[in-house]
**Q** 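Structure in structure tokens, see below.
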Amino acid sequence: MISKPDQRQDSFEVHNPADGNLVGYVSRGTQDDVDDAIRISWEAFRSWSGTEPLDRSKILFFAARLVREDQKELSQLLTREQGKPIKESMNEIAGFARVLEYYASITGTLQGDYGFSKNYGHMMVVRQPLGVCAAIIPWNMPALIMGWKTGPVLAAGNTMVLKPSSTAPLTCIALAGHLYRAGLPESVLRIVTGSGGVVGQALARHPDIRSISFTGAVSTGIEVAGNAAQTLKKTVLELGGSDAMIVCKDADPEAAAKGAVSGRFFNCGQTCTSIKRVFVDSAICTPFVRRVRELAEALIIGDGLTGGVDMGPVHTGSQRENVHSLVQETVNNDQGTVLSGGYIPDTGALKGGNFYPPTILTNVDPDAPVMKEEVFGPVLPVSSFETVTEAIDLANSTRFGLGASIWTHDMRTISQATRDLDAGIVWVNQHLRIPPEVPFGGMKFSGLGRENGRYALLQYLEEKTILINP
Ligand code: NAD
């Protein structure tokens, strides 16, 4: 899809991270575009918020069906602009449809409460939509995150202005097209493309936005929250993570090794809840690392559009530089050893893209920056522990608190870890998988509020108390 937007408007290019080729153009939105989108959305709010929940539900179900019918083409577009393997794009597009189906199935279920008191009479709590909500999304899982934001907002009867990332906006625009084809008025969901500094900031600051949901880096989230606070918007922040995986000595060794490889190298390590640190019981560390290495080195790296590829490129060249310099810093400071990978490929088909091999670092100092900061790329640092309490302390020793997993079948260890890990999501014998029914979000610097489940629907509704003295 290469089509230039309206010539009168400035535009920018979207490139394929696997080869640098042009994928398409999008408009460079301005403050005026944001103002127009918000005005149009408020006009639409009056009618959309008054629609029957069942009618909203039908549109969301129909949109999900259209997306599923077009899954292959949408997935190819997602791979071309984002870089992930086509099988991951197929899952992500299906994930978007599934989220819409989930919210379609609960639309209208959280309408309110009722009670009667001799003193106060009829006591009613009604839940009403907020108005125009804003969403700002990143490039790493644009389709799924768009679903997490649009699903509950639209189901609750709000309208939305959404800003996709500048480097992967095309799939979001295509998905919006499917919602329109399913009957969603275009005025109910407005997409404004452009830079974070212009379009993103304008949304966060705008006095007529009632709620803002942001997914992205911690520093950007703090700025968005600061701007949103000036007009007291309800704010949801889904920020970075540095998820720990704790492997106990009784863990199923094969399942844990496979879990580490898929949990780290999925989406080229560019997922907020990727496994970013592994702590292994010292009794099983050597065989565990050996098996992880075998599995990682068997992954096929290449252009995500090529069948059989397991891992695509890092999304941008500068991000690959950041990842590589953290690996080098770890080695130069004697804070870990490269067991596999750790270089920028400069030959063959991988030369033209932002590729980086699956990289395993062993004996890593838990205080090394590669363990403390969020590394958004295919680097797996491993360290060993002696006791579960020590492992939990290590897992909690960063500013992040998004996800964590423990691999064991011992009930006492499971109880301790699920209680003590500071994370919004704690997995046992799995990592990374999250269905739309349960809340998703982080503690500490990983964010504020939750997406997914009925919790997200509540976020986009406001309680009004009505007391009637009969
Ligand atoms: P980013 O913060 O650079 O950008 C995210 C979005 O914010 C983009 O649309 C960008 O244009 C916009 N933006 C940039 N500056 C802005 C500003 N000043 N005001 C308003 N908007 C602005 O993040 P990224 O590099 O696109 O994404 C990677 C980050 O996202 C990682 O830290 C990752 O962990 C995080 N992430 C978190 C979750 C989660 O749910 N917790 C999910 C996916 C990604």
Side-chain angles (χ1 to χ4, degrees), residues 12 14 17 26 28-29 31 34 81-84 92 95 99 134-149 161-169 171-173 191-206 209 212-230 233 235-243 266-276 314-316 318-320 322-323 373-377 398-403 423-425 432 434 436 439-452 456:
F12 59 91
V14 177
V26 288
R28 195 182 296 279
Q31 174 77 48
V34 173
E81 67 171 343
Q82 201 277 348
K84 63 183 68 188
E92 185 173 336
V99 173
I136 301 178
I137 67 175
W139 48 262
N140 65 333
M141 306 201 75
L144 188 64
I145 294 171
M146 177 172 169
W148 287 355
K149 297 196 191 300
V161 181
L162 182 143
K163 187 199 113 46
S165 109
S166 304
T167 51
T171 311
C172 293
I173 295 169
I191 308 275
V192 184
T193 50
S195 75
V198 175
V199 175
Q201 262 196 31
L203 287 170
R205 288 184 172 160
H206 207 287
I209 292 285
I212 188 155
S213 177
F214 169 84
T215 300
V218 175
S219 53
T220 322
I222 290 172
E223 188 182 333
V224 166
N227 285 328
Q230 302 305 312
K233 295 175 178 62
T235 303
V236 176
L237 302 177
E238 299 294 354
L239 308 179
S242 185
D243 289 18
F266 170 81
N267 199 15
C268 198
Q270 305 165 116
T271 305
C272 48
T273 50
S274 295
I275 293 170
K276 300 202 175 103
V314 176
H315 186 59
T316 62
S318 62
Q319 199 194 323
R320 178 175 68 170
N322 291 343
V323 169
E373 289 309 314
E374 179 184 39
V375 182
F376 227 49
T398 74
R399 64 181 178 148
F400 298 105
L402 189 55
I425 310 139
L432 206 61
I434 189 104
F440 176 86
M443 298 176 177
K444 303 194 296 190
F445 274 77
S446 289
L448 281 182
R450 294 291 180 267
E451 294 194 297
N452 264 6

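When a ligand or atom number is given, it counts from 1 through the structure's own listing order. Note that the numbering runs from 1 along the sequence shown for the chain. Small disclaimer: the values here were computed from a predicted structure and weren't measured. Just so it is clear, the values below take in all heavy atoms, side chains as well, and ignore hydrogens, waters and symmetry mates.
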**Q** Return the minimal non-hydrogen interatomic distance between Lys444 and Thr398, and the atom names on each side.
**A** NZ-O, 2.9 Å
**Q** Just grab all the salt bridge (charged side-chain N to carboxylate O under 4.0 Å, His left out) pairs involving residues 136-149, residues at least two apart or on different chains.
**A** Lys149-Glu451
**Q** Ignoring hydrogens, what is the shortest heavy-atom contact between Ala228 and Ile212? Give both atom names and the distance.
**A** CB-CG2, 3.8 Å
**Q** Does the side chain of Gln270 come under 3.5 Å of the side chain of Gln319 through a donor N or O and an acceptor N or O?
**A** yes
**Q** Which atoms form the tightest heavy-atom contact between Trp139 and Gln82, and what is the distance?
**A** O-CG, 3.1 Å
**Q** Identify the two heavy atoms, one from Ala168 and one from Pro142, that lie closest to each other, and give their separation to 0.1 Å.
**A** O-CB, 3.9 Å
**Q** Show the distances, to 0.1 Å, for all pairs joining an N/O atom of ligand 1 and a protein N/O atom that are shorter than 3.5 Å, listing one pair per line.
**A**
unit_1   : atom_1 : unit_2 : atom_2 : d
ligand 1 : 2 (O)  : Ala217 : N      : 2.9
ligand 1 : 2 (O)  : Thr220 : OG1    : 2.7
ligand 1 : 9 (O)  : Ile137 : O      : 2.8
ligand 1 : 9 (O)  : Lys163 : NZ     : 3.2
ligand 1 : 11 (O) : Lys163 : NZ     : 2.9
ligand 1 : 18 (N) : Glu223 : OE2    : 3.2
ligand 1 : 23 (O) : Ala217 : N      : 3.4
ligand 1 : 25 (O) : Trp139 : NE1    : 3.1
ligand 1 : 26 (O) : Trp139 : NE1    : 3.1
ligand 1 : 30 (O) : Gly216 : O      : 3.3
ligand 1 : 32 (O) : Glu374 : OE1    : 2.7
ligand 1 : 34 (O) : Glu374 : OE1    : 3.3
ligand 1 : 34 (O) : Glu374 : OE2    : 2.6
ligand 1 : 41 (N) : Leu239 : N      : 3.3
ligand 1 : 41 (N) : Leu239 : O      : 2.6

